[in-house]
There are 2 protein chains.
Amino acid sequence: MVSTAAFAEIAALAGEPARAAMLQALMEGRALTAGELARAAGVTPQTASGHLARMAGAGLVAVEKQGRHRYHRLASPAVAQMVEGIMQIAATRPAPVRRLVVGPRDEALRRARTCYDHLAGRLGVALADALVAAGHAEIEPEAASLTASGVDLLASLGIDLPSPAAGRRARMLCRPCLDWSERRPHLGGAVGAALCSHCLAQGWIRRIEGSRAVAVTRRGEEALRRHFGIVLT
Amino acid sequence: MVSTAAFAEIAALAGEPARAAMLQALMEGRALTAGELARAAGVTPQTASGHLARMAGAGLVAVEKQGRHRYHRLASPAVAQMVEGIMQIAATRPAPVRRLVVGPRDEALRRARTCYDHLAGRLGVALADALVAAGHAEIEPEAASLTASGVDLLASLGIDLPSPAAGRRARMLCRPCLDWSERRPHLGGAVGAALCSHCLAQGWIRRIEGSRAVAVTRRGEEALRRHFGIVLT
DNA sequence: CTTATGTTTCGGAGAAGACCGTAACACCGG
DNA sequence: CCGGTGTTACGGTCTTCTCCGAAACATAAG
């Protein structure tokens with residue numbers, strides 16, 4: 001058995017508000033400094049440092065020294081998936097008191113955001129829906145797959161997909177990810193990551209500072225409409 | 001954002017040793033009484049009762065009254081997936097002190113066990129490998145799929161698969177699940193569950209009391225060899 | 001009705017852990 | 001070599017939460 005103690009320790013690490021906030025902040029996929037994470041969690045740098053040391057020791061975050069900064073990121077996609085899993089449950093909880101005022105920050109997040117390394121929110125779901133509608137993908141809650149035409153389309157856009165099994169297969173299995181705000185699956189995993197980084201590289205979207213939200217640029221709107229037929233509301 | 005508070009609350013619930021033990025016990029997929037869970041966690045019934053009430057309130061476990069017993073089970077497959085995700089990380093942690101003596105109980109678990117609703121351990125992985133080798137399935141870390149021949153095979157064995165999209169598609173996407181003891185993917189999700197329950201129903205395997213381990217019966221050995229070409233070491 | 005079993009509620013004791021202030025330590029740029 | 005900034009270590013306070021004993025409640029059986 002995965003020792004209950006080890007299980008509890010990992011979960012307990014994620015179960016403290018300050019550390020939880022840091023993990024969520026790291027879900028934007030970038031590496032952040034201890035100071036940034038301290039601000040994100042609303043604690044002093046000393047406190048954050050202690051938390052980060054513990055999480056690093058447990059293999060939740062990886063640290064990279066660079067000059068006088070120490071960049072922290074999630075240790076692996078597996079950790080991101082664990083965080084996703086917890087968020088999934090947390091999101092299905094009945095809201096204790098329905099927040100009447102949903103800030104603009106929330107609205108931006110629901111519209112488009114990153115989920116570790118891929119796109120989520122209405123944008124992520126719209127992208128997934130568009131691919132399915134055009135026969136480029138099959139997406140179910142448990143698994144997903146790019147069809148041959150989907151692989152071709154992405155290749156024609158210059159998105160280089162990882163090539164498992166020498167990439168000789170026309171179809172390509174990929175990971176679905178249940179969107180917590182839309183409650184519908186979107187594309188995650190390596191394919192989702194490739195799509196997301198391509199959108200960023202092409203300037204179709206850009207990150208909004210200090211948040212996991214992303215903004216769709218004017219050029220992005222046009223590109224998404226032309227290539228995928230998406231018009232984001 | 002999924003409020004950090006909600007996220008932390010869920011993780012904290014899973015992060016207390018007694019509750020963690022209960023969640024792990026519930027991963028065998030059956031509904032257990034409060035008393036059984038108390039024993040599994042090594043606490044008194046009063047303590048367990050309190051924990052279970054909190055977890056039920058948070059939507060982690062579902063309760064069903066039956067006479068003077070109250071049966072508790074994981075509230076949803078999503079919760080099982082969250083637990084799996086945490087176990088994944090806990091399993092990759094460097095073992096603090098390598099346990100030299102691995103009990104027979106551990107050996108049984110590594111050989112064959114249930115993972116919420118499907119098979120895991122060497123049996124689960126061998127089953128997955130056999131299906132892949134025979135061209136009945138494609139399994140990758142991120143996603144998996146039964147091929148047309150796989151769907152036919154299972155149908156011919158009398159395993160009724162869930163039929164998404166009216167089941168008119170020959171192929172069937174399904175969920176891979178990384179085995180924590182074997183570190184390789186096996187079949188989970190609805191297809192894995194169908195396979196597992198069929199094995200149980202046919203008497204090919206039987207549960208070992210008080211554990212997530214299962215034993216392969218003599219009849220099961222033969223059936224697994226005949227239908228899938230599996231010889232479990 | 002009475003007894004036995006399973007479960008929940010209540011209250012207090014005890015332990016664990018988060019937090020910050022202060023101070024020391026590393027590294028960059030000049 | 002020397003400020004300035006980002007980060008880590010230490011010590012003490014404080015809150016939080018787990019845990020069990022005792023007792024009440026619910027249900028089934030005799």
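Because the structure is predicted, anything quoted here is derived from the model rather than measured. Proteins come first, then strands; the chains are lettered A, B, ... in the order of their sequence lines, and each starts at number 1.
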Chemist: Calculate the interatomic distance between B:Met55 atom CE and D:dT18 atom C1'; express it in whole Å.
Modeler: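 These atoms are roughly 14 Å apart.
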
Chemist: Check the distance between C:dT9's P and B:Arg54's CZ and give it to me in whole angstrom.
Modeler: 14 Å

Chemist: With rounding to the nearest 0.5 angstrom, report the CZ to CE distance, B:Arg212 to B:Met27.
Modeler: 5.5 Å

Chemist: Mind checking salt bridge (Lys or Arg N to Asp or Glu O under 4.0 Å) for A:Glu36 and listing every partner two or more places apart, or none if nothing turns up?
Modeler: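 Testing A:Glu36 for salt bridge (Lys or Arg N to Asp or Glu O under 4.0 Å), a comparison that skips the adjacent residues, returns none.
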
Chemist: How close or far is atom C1' of D:dT27 from atom OH of B:Tyr71, stated in whole angstroms?
Modeler: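 From B:Tyr71 OH to D:dT27 C1': 13 Å.
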
Chemist: Expressed in angstrom and rounded to an integer, what is the separation of B:Glu9 atom CD from D:dT16 atom P?
Modeler: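 After rounding, the gap between these two atoms is 15 Å.
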
Chemist: Rounding to a whole Å, what distance do you find between B:Leu32:CG and C:dT7:P?
Modeler: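 In whole Å, C:dT7 P and B:Leu32 CG are 11 Å from each other.
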
Chemist: Would one find a side-chain N or O of B:Lys65 under 4.0 angstrom from OP1 or OP2 of D:dA26?
Modeler: no

Chemist: Check whether any side-chain nitrogen or oxygen of B:Arg70 sits under 4.0 Å from OP1 or OP2 of C:dT8, and answer yes or no.
Modeler: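 So the side chain of B:Arg70 is within the cut-off, an N or O lying under 4.0 Å from OP1 or OP2 of C:dT8.
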
Chemist: Tell me which residues in residues 35-48 of chain B lie within less than 4.0 Å of DNA chain D, going by non-hydrogen atoms.
Modeler: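 Those residues whose heavy atoms fall under 4.0 Å from DNA chain D, taken from residues 35-48 of chain B in numerical order, are B:Val43, B:Thr44, B:Gln46, B:Thr47.
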
Chemist: So does A:Glu140 pair up with B:Arg175, basic N to acidic O under 4.0 Å?
Modeler: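 The answer is no: the pair does not qualify as a salt bridge.
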
Chemist: Using whole Å, what does the distance between atom P of nucleotide C:dG6 and atom CZ of B:Arg68 come to?
Modeler: 6 Å

Chemist: Any salt bridge linking A:Glu28 with A:Arg30? Criterion: basic side-chain nitrogen under 4.0 Å from a carboxylate oxygen.
Modeler: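 So A:Glu28 pairs with A:Arg30 through a salt bridge.
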
Chemist: Give a yes/no on whether any side-chain N or O of A:Arg19 is located under 4.0 angstrom from OP1 or OP2 of C:dA18.
Modeler: yes

Chemist: When the ring planes of B:Trp204 and B:His198 are compared, do they come out parallel, tilted or perpendicular, using 30° and 60° as the limits?
Modeler: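 The arrangement is perpendicular - the two ring planes meet at more than 60°.
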
Chemist: Counting only side-chain nitrogens and oxygens, does B:His69 get under 4.0 Å of the OP1 or OP2 atom of D:dA26?
Modeler: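 So the side chain of B:His69 is outside the cut-off, no N or O lying under 4.0 Å from OP1 or OP2 of D:dA26.
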
Chemist: What is the distance, to the nearest angstrom, from the CG atom on A:Leu13 to the C1' atom on C:dA18?
Modeler: 13 Å

Chemist: Kindly compute the distance separating CE (B:Met55) from CG (B:Leu37), expressed to the nearest 0.5 Å.
Modeler: 7.5 Å

Chemist: Between A:Asp179 and A:Arg110 (salt bridge meaning N to carboxylate O under 4.0 Å), is one present in this structure?
Modeler: no

